[in-house]
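Any value given below was found using the heavy atoms of this structure, including those in side chains, with hydrogens, waters and symmetry copies removed. Residue numbering restarts at 1 for every chain, and letters A, B, ... go by the order of the sequence lines.
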There are 2 protein chains.
Amino acid sequence: MAVTASKPTLAEQPCDTSTWDAGNCPVRDVMNQIAGKWSTLILQALSEKPYRFGELRRLVPDISQRMLTQTLRDLQRDGYIDRQVFPTKPPSVEYRMTPLGYSLFEPLSAVLAWAASNHANVRAARSKFDAGDLR
Amino acid sequence: MAVTASKPTLAEQPCDTSTWDAGNCPVRDVMNQIAGKWSTLILQALSEKPYRFGELRRLVPDISQRMLTQTLRDLQRDGYIDRQVFPTKPPSVEYRMTPLGYSLFEPLSAVLAWAASNHANVRAARSKFDAGDLR
DNA sequence: CGGAATCCCGCTTGATACTG
DNA sequence: CAGTATCAAGCGGGATTCCG
């Protein structure tokens, strides 16, 4: 349960505050997409193997078809996933991760793993804050 | 410019779809916080060294004091940062990263670094998608 | 200086219905 | 099956004002 990491080496991190102007900040530009409510879930699913639309819908129980469509299009637009249509009857559409998507998911999966491992720590900090808030 | 990573080892990733129910999904619970419009920027700044309220405000030029206050409180609530009040006149408040915050920032910084490195790739994919959209 | 409180707008999201 | 279209609600977030 103990937090494993202390202060890491941060010297080479992209903390360049000179590029934080809203328009051309890479961090914002990329994060604003993958930070969406559903993006990480979809990326996580597709990192495993390709899936069809309906399969993804079942994998992420409470996503609406509207949001699934939109999230998939956004991820495709940024080059993270590919969309392949099979003109069968009824039609079938398969989504799969691109090399760029995999290259993103590599560091991203570390964050997701952190979330899974440290969820309890975060929840604990939360209740502690909510409780002893006044003092 | 070339994308460096191909399919990485994903066997051990937390792709457990059984825990994707909205309520208890660790990924959503953690990501929904750090995915905020400003959270990563603040974490990035505080990963360097502690800062005071006004300093952070200057570091992130286009954040409103409302959002800065709220983001800082949320990050503090989840245990990522600490808040220390110096009862001077006028008062001074310093924010600094906690060990938990550093342990999160370690994997997170890899994503931020990816964003900086691959921003061009994403932008290229975007324009390509927007152009040849119809065919 | 470091906030809290209030007002208000607009984008995101969800529910529903329709189409190829 | 895999979407698109439309409408309405919610809340994220900005501008402003006031306080210790």
Side-chain contact test, heavy atoms from C-beta onward, threshold under 4.5 Å: evaluate it for [X] versus [Y] and give yes or no.
X	Y	result
L108(B)	Q44(B)	no
Y95(B)	Y51(B)	no
I63(B)	L41(B)	no

Contact list please: residues 31-39 of chain B against DNA chain D, heavy atoms, distance less than 4.0 Å, in numerical order.
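K37(B), W38(B) - these, ordered by number, are the residues of the stretch whose heavy atoms sit under 4.0 Å from the strand.
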
Residue F53(B), side-chain heavy atoms: nucleotide from dA2(D), dG3(D), dG2(C) that is nearest
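It is dG2(C).
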
By nearest atom, which of the nucleotides dG2(C), dT13(C), dG3(D) is closest to the M67(A) side chain?
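Selected nucleotide (nearest to the side chain): dT13(C).
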
Could you check whether Y95(B) gets within reach of a base, just the sugar-phosphate, or nothing at all, counting any heavy atom under 4.0 Å?
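Sugar-phosphate, no base atom in range.
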
Presence of R52(A) side-chain N/O under 4.0 Å of dC1(D) phosphate oxygens OP1/OP2:
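Result: no.
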
side-chain N/O Y51(A) vs dC1(D) OP1/OP2, d < 4.0 Å
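Checking dC1(D) against Y51(A), no side-chain N or O comes under 4.0 Å of OP1 or OP2.
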
Spacing of [atom1] belonging to [X] relative to [atom2] belonging to [Y], to within rounding of 0.5 Å:
X	Y	atom1	atom2	answer
I81(A)	L104(A)	CD1	CG	12.0 Å
L46(A)	Y102(A)	CG	OH	8.0 Å
E106(B)	S47(B)	CD	OG	11.5 Å

Rounded to the Å, how far apart are [X] [atom1] and [N] [atom2]?
X	N	atom1	atom2	result
Q70(B)	dG14(D)	CD	P	10 Å
R83(A)	dC1(D)	CZ	C1'	12 Å
D62(B)	dG13(D)	CG	C1'	12 Å
L56(B)	dG2(C)	CG	P	9 Å
L68(B)	dG14(D)	CG	C1'	14 Å
K89(A)	dG20(C)	NZ	C1'	12 Å
R57(A)	dA2(D)	CZ	P	10 Å

Evaluate side chain to side chain contact (heavy atoms under 4.5 Å, CB included) for D29(A) paired with R126(B), printing each intermediate quantity in order.
CA-CA 12 Å; D29(A) 198 20; R126(B) 236 175 251 176; 2.9 Å; yes

Tell me if a side-chain donor or acceptor on T69(B) pairs with a main-chain N or O of Q65(B) at a distance below 3.5 Å.
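At least one qualifying donor-acceptor pair exists.
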
M97(B) and F86(B): same hydrophobic cluster, using ILVMFWY side-chain contacts below 4.5 Å?
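Unlinked, M97(B) and F86(B) end up in two clusters.
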
Where along nucleotides 15-20 of chain D does protein come under 4.0 Å, by heavy atom, of base (B) or sugar-phosphate alone (S), with - for untouched nucleotides?
BB---B

